[in-house]
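Please see the structure below; I have some questions.
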Amino acid sequence: MSPTRHPETLAVHAGRRVDPATGAVTPNLTLATTFERAPDGSLPHGFVYSRTDTPNRHALEQALAAMEGGKDAMAFASGQAATAAILQALAPGARVVFPDDIYHGTRHLVKNEFARWGVRGDFVDFTDLAAVERALQAAPTQLVWIETPSNPRLKITDLAAVAMLGRAVGALVVADNTWATSILTQPLALGAHVAMHSSTKYIGGHSDVLGGVLVFGADAPAELVARVRTWQQIGGAVPAPFDCWLLLRSLSTMPVRVRAQSTTAAQLAAWLAEHPKVERVNYPGLPSHPGHAAARRQMASGGAMLSFEVRGGFAAASAVAAKVRLITRATSLGGIESLIEHRKLVEGADSPTPENLLRFSVGLEHVDDLRADLAQALG
Ligand SMILES: *Cc1c(COP(=O)(O)O)cnc(C)c1O
């Protein structure tokens with residue numbers, strides 16, 4: 001598929017073809033775990049065993065690589081498995097520099113699990129480029145991990161600037177692009193070597209499939225790509241064929257979903273910012289957001305995620321979360337249904353998240369219905 005095609009077109013056609021045997025317009029679901037060899041022992045269709053590769057996974061990886069402008073993509077059983085595959089590909093004792101506001105599962109993997117392998121994670125405020133530069137000068141760094149917008153405070157990292165700093169010290173640059181999606185941000189074009197996604201979120205889009213993906217840019221080191229592929233195929237944290245089938249199906253509507261959800265989020269963020277019970281709204285699409293200028297450079301819109309801080313602290317935020325009716329109290333994001341979450345409650349005492357912060361994943365419902373629900377919950 002030509003990489004010059006538009007995202008809407010790639011989302012519908014990349015990785016797909018009409019089945020030559022039956023004429024089926026949609027992909028077949030191939031559940032086989034093993035594939036026949038030819039009399040000479042060769043594998044005429046390229047598949048050997050389903051941990052190594054499957055037709056549905058292969059199609060999904062092709063589509064995701066095309067969407068992100070990458071050379072190669074690898075699908076995993078979860079976003080965390082994708083993150084772990086990158087960390088597993090590092091040498092023992094490697095140093096990784098992370099933003100201080102980051103998905104708590106990524107923080108946990110580095111601080112608690114990979115620490116035992118001697119991987120050292122240093123957490124820095126990525127909105128302060130001088131601080132990033134100091135951190136990179138302080139000790140040799142093998143990996144710079146970017147996540148923008150950040151979770152849950154929607155801080156914006158200047159992707160191009162941090163990628164340049166990382167590359168200048170010879171580090172691998174990985175961007176967790178789960179929240180922005182390839183529709184709003186293209187990290188590989190901005191200088192990242194690898195884009196990572198929890199495909200559980202916007203790629204899946206319906207809160208019914210878990211998955212993760214790594215997309216490698218054309219200049220990602222070949223040795224790294226090979227080692228991560230080995231972790232995928234030998235480590236075996238791979239998605240089932242039906243998961244891949246669902247993700248490819250959902251990918252086709254991702255461009256329209258993300259745009260519609262982002263439009264609603266922008267309207268709700270502006271309304272919340274004026275609400276007397278709201279102390280602060282974290283949404284990069286608002287001109288008052290400290291990362292607004294960087295967001296405008298690297299995001300096609302402010303996105304469909306926001307968080308807001310309720311006047312009155314922990315109890316007041318809990319009360320608002322308790323009162324929503326249309327919006328569902330649940331973790332995760334990126335689905336068609338709106339979700340709200342009191343992050344401090346779920347992240348626990350050692351989390352730096354403000355006590356009164358509610359994270360809001362804006363779904364596909366009508367903006368007026370969502371606004372009415374928030375109004376009665378805040379009221
Ligand atoms: C959900 C999420 C992850 C982890 O993905 P899983 O699919 O839950 O393993 C990583 N990064 C971000 C930004 C996420 O939102």
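Start at 1 and go down the list; that is how both ligands and their atoms are numbered.
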Does the ring center of H275 lie less than 6.0 Å from the ring center of F308?
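Distance test on ring centres: not under 6.0 Å, no.
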
Here the atoms of ligand 1 under 4.0 Å from any heavy atom belonging to E147 are 13 (C)

Go through ligand 1 atom by atom and flag the ones less than 4.0 Å from a non-hydrogen atom of W179.
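Near W179, the atoms of ligand 1 are 13 (C), 15 (O).
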
Worked check of ring-ring contact (aromatic ring centres under 6.0 Å, His included) between F314 and H342
CA-CA 9 Å; F314 189 91; H342 191 184; 4.5 Å; yes

Take atom CZ in R167; do more than 12 heavy atoms of anything else shown fall under 6.0 Å from it?
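More than 12 heavy atoms, drawn from other residues, nucleotides or ligands, come within 6.0 Å of this atom.
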
In terms of residue, atom name and distance, what is the protein heavy atom nearest to atom 9 (O) of ligand 1?
Q80 N, 2.8 Å

Using side-chain heavy atoms (C-beta onward) and a distance below 4.5 Å, is V169 in contact with Q137?
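They are in contact (side-chain heavy atoms under 4.5 Å apart), so the answer is yes.
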
Identity and distance of the protein heavy atom lying nearest atom 15 (O) of ligand 1
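The closest heavy atom on the protein side is K201 NZ, 2.8 Å.
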
Any heavy atom of A82 sitting closer than 4.0 Å to ligand 1?
no

If I apply the N/O under 3.5 Å rule, does M196 come out as touching ligand 1?
no

Ligand 1 atoms in contact with S78 (distance to a heavy atom under 4.0 Å):
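Numbered from 1, ligand 1 contributes 7 (O), 9 (O).
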
Kindly assign one of parallel, tilted or perpendicular to the pair F47 and F35, based on the angle between their ring planes and the thresholds 30° and 60°.
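Judged by the thresholds at 30° and 60°, the geometry between F47 and F35 is tilted.
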
Just jot down the ligand 1 atoms closer than 4.0 angstrom to any heavy atom of D176, in number order.
10 (C), 11 (N), 12 (C), 13 (C)

Are K323 and D373 ion-paired here, with the side-chain N under 4.0 Å from a carboxylate O?
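Salt bridge flag = no for D373 with K323.
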
What protein heavy atom sits nearest atom 10 (C) of ligand 1, and how far away is it?
Y103 CD2, 3.4 Å

Report yes if the side chains of L272 and L306 come closer than 4.5 Å at any heavy-atom pair, otherwise no.
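Side-chain contact under 4.5 Å: yes.
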
Would K201 and Y103 count as a cation-pi pair here, with the cationic atom under 6.0 angstrom from the ring centre and within 45° of the axis?
yes

Of all the atoms in ligand 1, which lie at a distance below 4.0 Å from a heavy atom belonging to T200?
7 (O)

Under 4.0 Å from a heavy atom of G211: which atoms of ligand 1 are those, numbered in the order shown and with their elements?
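Checking each atom against G211, I get 7 (O).
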
Heavy atom of L333 under 4.0 Å from ligand 1?
yes

